[in-house]
Amino acid sequence: MSLKVLNPNAEVLNKSHALHMNINAAKGLQDVLKSNLGPKGTIKMLVGGAGDIKLTKDGNTLLKEMQIQSPTAIMIARTAVAQDETSGDGTTSTVIFIGELMKLSERYIDEGMHPRVLVDGFEIAKRATLQFLEKFKTPVVMGAEPDKEILKMVARTALRTKLYESLADQLTDVVVNAVLCIRKPEEPIDLFMVEIMHMRHKFDVDTRLVEGLVLDHGSRHPDMKRRAENCYILTCNVSLEYEKSEVNAGFFYSSAEQREAMVAAERRSVDERVQKIIDLKNKVCADNDSNFAVINQKGIDPPSLDLLARAGIIALRRAKRRNMERLVLACGGEAVNSVDDLTPECLGWAGLVNEHVLGEEKYTFVENVKNPHSCTILIKGPNDHTIAQIKDAVRDGLRAVKNTIEDEAVVLGAGAFEVAARQYLVNEVKKTVKGRAQLGVEAFADALLVVPKILAENSGLDTQDVIIELTGEHDKGNVVGLNLRTGEPIDPQMEGIFDNYSVKRQLINSGPVIASQLLLVDEVIRAGRNMRKPS
Amino acid sequence: MVGFSMQPYGIQSMLKEGHRHLSGLDEAVIKNIDACKQLAIITRTSLGPNGMNKMVINHLDKLFVTNDAATIVNELEVQHPAAKLLVLAGKAQQEEIGDGANLTVSFAGELLQNAEELIRMGLHPSEIIVGYTKAINKIIEVLEEMVEKGSENMNARDKDEVITRMRSSVASKQFGQEEKLCSLIAEACIQVCPKNPANFNVDNVRVAKLLGGGLNNSLVVRGLVLKSDAVGTIKRMENAKVAVFVGGVDTTATETKGTVLIHSANQLENYAKTEEARVEELIKAVADSGAKVVVSGAAVGEMALHFCERYKLMVLKISSKFELRRFCRTTGAVALLKLSQPNPDDLGYVDSVSVEEIGGARVTIVKNEQGGNSVSTVVLRGSTDSILDDLERAIDDGVNSYKAMCRDSRTVPGAAATEIELAKRLKEFSLKETGLDQYAIAKFAESFEMIPKTLAENAGLNAIEIISSLYAEHASGNTKVGIDLEEGACKDVSTMNIWDLYITKFFALKYAADAACTVLRVDQIIMAKPAGGPRPPAQGAMDED
């Protein structure tokens, strides 16, 4: 072989070998992920190198943690990760769709068809499906007051595929309210303004939305209040601790008095800064029974904490940077970088500042704020893997709501779109295509059916029965999806099962591209020495 | 390495070397259940008052002799991922309530064992999960009905009421000694119970373990017991005011490095004098403020100590930050950062501070009988370290139960009466269900039998006989009949006075059911190659302040 002449160590696969390796890898990956799909999918347990446990149903998490090695599988996994990055959901569907495209192509290729022809068919079908999606989608008007019901339905559809039903339903309200809370008209939604905080405590169903902020640290002085109502909040980024000079300085003294004077002078500048804060507190809290809290991004050293505690101020130090931004959005006021120009206008306000201690961890709740533009989803669960699972799901739920608001459209779920698109391709598009590319269109159309098929399979239903029933209904002109409990067709609109438009579009866009690339590979070469494994 | 042309089909080929992939019913679910069963078998024999002790030697060669499940599972360092889920459930129970970890682990194991039978019968795990979820919801309903009337109101300061609720929890750890222990714990807890009992802080009841003597020599001290000697020669002080200095009792120092500038011998002499004068001035100021005891959070300088002695000040050194905070809580003192004259308000008060020798160890006993003291200490005596450790764990459980009962004082009948009643009611409920999940609900009910069975077995009784007579009693409407382990008969718990806390049962059952369902939900396991290399350093180090 020519390559062997050039590099005797190189490995090479060509023609049908290369193709079959790709197809096998795609099918293998599909096999792993297909049991995840849909609300009835099962959970995978991932055990890390250190024995840590992760439970997941999320395709994206699974692909990330699996550490896949097969080059083809990596390509598919990357597409799925891209799917997650652009639309936040649909990773499992992507992998399954690619796997199915490859599987169906295999049959035609074995019959002697050239992959190029199939790929042409894919391209035609893809464009037609995207056009069909435009027609098929249900537009949703997102004015100043978005339709909460629609958002809830989308969020519920997304969440139910990640968590069990009752928990998913509860989180639905949480994520929808969270997104609506941070949404500002005319501005893109920044999901980073939703803080996701977790506490290992109680049960997963105790997860809730906090209108305000939860910080994962507490005040550092035993005499500070644990709970304060009607609290002014000063958000600042001012160092309240003694800092050594940058140059190598030393003191010279010849009596203890002189040294005492030095000690006092060292602290003076820090004390002055603290005093300014205390003055402001005395000014705003002089004639009412409100409280005062300082949340500082920089440090506060013990002497300063002591001064603040004596003045009745709650002080939190070393807050996270992202939380400084959120605090201002949640409580109002502004973050100050210097204490020289403090005015009451800089202050935010919260109805309740409360410290909660769990074992050795402290949490500070800043709650009951007026008109918040930032909020916290507080995830609770008895152990780390539950929390991690909910966290992934919440992230997907938030993305789903955000997508809906930005797309201003939703797509009927429960497999309804896939069946409708398939019927459209087979009945209308295929006839307009000339030549063998028709077969590519047909393969693409059938591959779309994989989603309802696997949904049925995971629910313990007979796949063939289900598909025949669904296509039958569609031929009669009824747009129906699959009821996973009974296996009967249902109207997704009535049941409130909606998927994201952008998820579907991304899926149809990226799936065929990667499948085409893999089909057009006719030689796989591994050359160069493997440094780690000398053989 | 195998050339990639020969790669086998399937998932295994796609994973990194050393990774393992298990899937399907036989490979994943049944194996998981098996591992959990093994774990439950270990903990089960420690359940109840007659439970056996386990001897566990952990990776640091530390020996544990205990029947406290939380400690056992913690030190076992379980590796199997599914069994780990059970351990986590037990830990969650320990963190939430502080008691009942054994019930959680053993019951979850029993649920899984019964689930295995269902799977072999042909039920799908998802149907079992549905059934178990229905069952646990029903259980919570029934448990609420089982609450003893009148138990929702509790006087948190009444020793008898507290002991009633605490006894079963302590007895399961230290059978035979529960009377003595309960009264110690109850006394200590009631002493420090705040105005609103719900704010009770477990940290305020301390345990000081001193080798020697026996449990009967144990006592409760209203105040703190420090396991250290006083620094100076003054070892005893009564009705004294206390000044607390976090930063140490010594000459002050600047943050920046200082150098003493000396040109002549004269200056050197003068410097030493000013230094001395300065320290004397400070100590005198402290003495003038009325304080008779000085507590330092850091080093005590030689010179400072000298002046303290001269001004008849007793000096204590407490280097732990948390211990120092507790000391402040005991005495009502405000910790001062630097050595200076304290405000009268910042001074604390103690009835007596004295250094005593107990069993060869010198301890400082700080007593403060008057109001406002929020710390009490149980001084435990015992013949060996492991006995002391085990007694301490029993006390921890007791104190945690006190906390739990302050939050929710409702009780349910103990001695397996509740479990049998739940089993009976759940069986009735399962007959009304129509779907396949009724089998799962019935199995859930059956799982409750594990508890009376284990209690009886551990006590050397005939379990089958006991269970059948319990069922008979409950069927005839005596819902409060449980096992009397001493006589080996069935008796009404009201006469035996054995009550469990509702809240402990509630969390234990719920965590157990959650853990069992989670194990059943998993159908694939992907294990990474175990990481080599040294273990990461232990977490949970104290933070600096």
Side-chain angles (χ1 to χ4, degrees), chain A residues 11 13 17 21 24-25 27-29 31-32 35 40 42-51 53 55 65-70 73 200-203 220 222-223 242 244-245 249-257 259-260 262-263 266 302-303 306 359-360 382-385 460 526 530 533 535, chain B residues 1 3-5 7 9-11 13-16 19 28 79 81-82 84-85 88-89 91-92 95-96 124 126 246 251-262 267 270-271 274-275 277-278 325 328 334-335 337 510-511 514 518 521-531 536 540 545:
Chain A
E11 291 179 64
L13 288 177
H17 278 296
M21 180 190 116
N24 276 344
K27 282 199 302 201
L29 206 56
D31 264 356
V32 181
S35 59
K40 295 269 178 175
T42 50
I43 301 184
K44 307 267 176 293
M45 182 189 259
L46 297 160
V47 185
I53 297 177
L55 292 172
E65 304 274 333
M66 253 178 24
Q67 303 194 324
I68 301 164
Q69 273 209 320
S70 152
R200 218 169 70 190
H201 185 43
K202 291 193 177 169
F203 298 113
R220 300 308 295 263
D223 294 340
Y242 172 73
K244 279 211 168 97
S245 62
F251 287 153
F252 291 96
Y253 46 82
S254 51
S255 74
E257 279 79 23
R259 197 185 53 205
E260 293 292 312
M262 301 267 195
V263 171
E266 256 187 345
D306 204 49
E360 288 183 0
N383 35 45
D384 291 338
H385 55 83
R526 174 148 63 193
N530 190 343
K533 281 231 166 63
S535 54
Chain B
M1 183 169 170
F4 61 177
S5 51
Q7 271 185 348
Y9 167 79
I11 166 86
S13 63
M14 271 183 273
L15 296 172
K16 250 189 188 165
H19 279 50
Q79 289 292 329
K84 222 168 178 177
L85 289 174
L88 288 173
K91 277 192 190 160
E95 276 170 28
E96 193 70 40
H124 193 264
S126 67
V246 184
T251 50
T252 46
T254 50
E255 302 255 0
T256 314
K257 207 170 147 195
T259 313
V260 185
L261 196 63
I262 290 166
Q267 276 184 341
N270 275 335
Y271 178 75
T274 55
E275 185 95 288
R278 183 70 201 142
R325 280 192 189 160
C328 289
V334 176
L337 279 168
K510 194 139 183 356
Y511 278 135
D514 275 3
T518 313
R521 272 200 192 101
V522 173
D523 82 327
Q524 272 188 29
I525 309 177
I526 297 171
M527 292 170 88
K529 191 179 178 179
D545 215 351

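Reckoned from all heavy atoms, side chains included, excluding hydrogens, waters and symmetry mates. Residue numbers start from 1 in every chain, and the chains themselves are labelled A, B, ... in the order their sequence lines are given, proteins ahead of strands. Predicted model, so just to flag it, every value in this text is computed and none were measured.
Contact of A:L55 with chain B is made through the side chain alone, with heavy-atom distances under 4.5 Å. If you measure heavy-atom distances from B:Q267 to chain A, you find no contacts under 4.5 Å at all. Neither the backbone nor the side chain of B:I262 comes within less than 4.5 Å of any heavy atom in chain A.
Atom CG of B:L88 is separated from atom OG1 of B:T518 by 10.0 Å, given to the nearest 0.5 angstrom. Here CG of B:N270 is found 12.5 Å from CD of B:E275. Values are rounded to the nearest 0.5 Å.
The salt bridge (charged side-chain N to carboxylate O under 4.0 Å, His left out) search around B:R278 returns A:E260, B:E281, not counting sequence neighbours. With sequence neighbours left out, the salt bridge (charged side-chain N to carboxylate O under 4.0 Å, His left out) criterion links B:K84 to no other residue.
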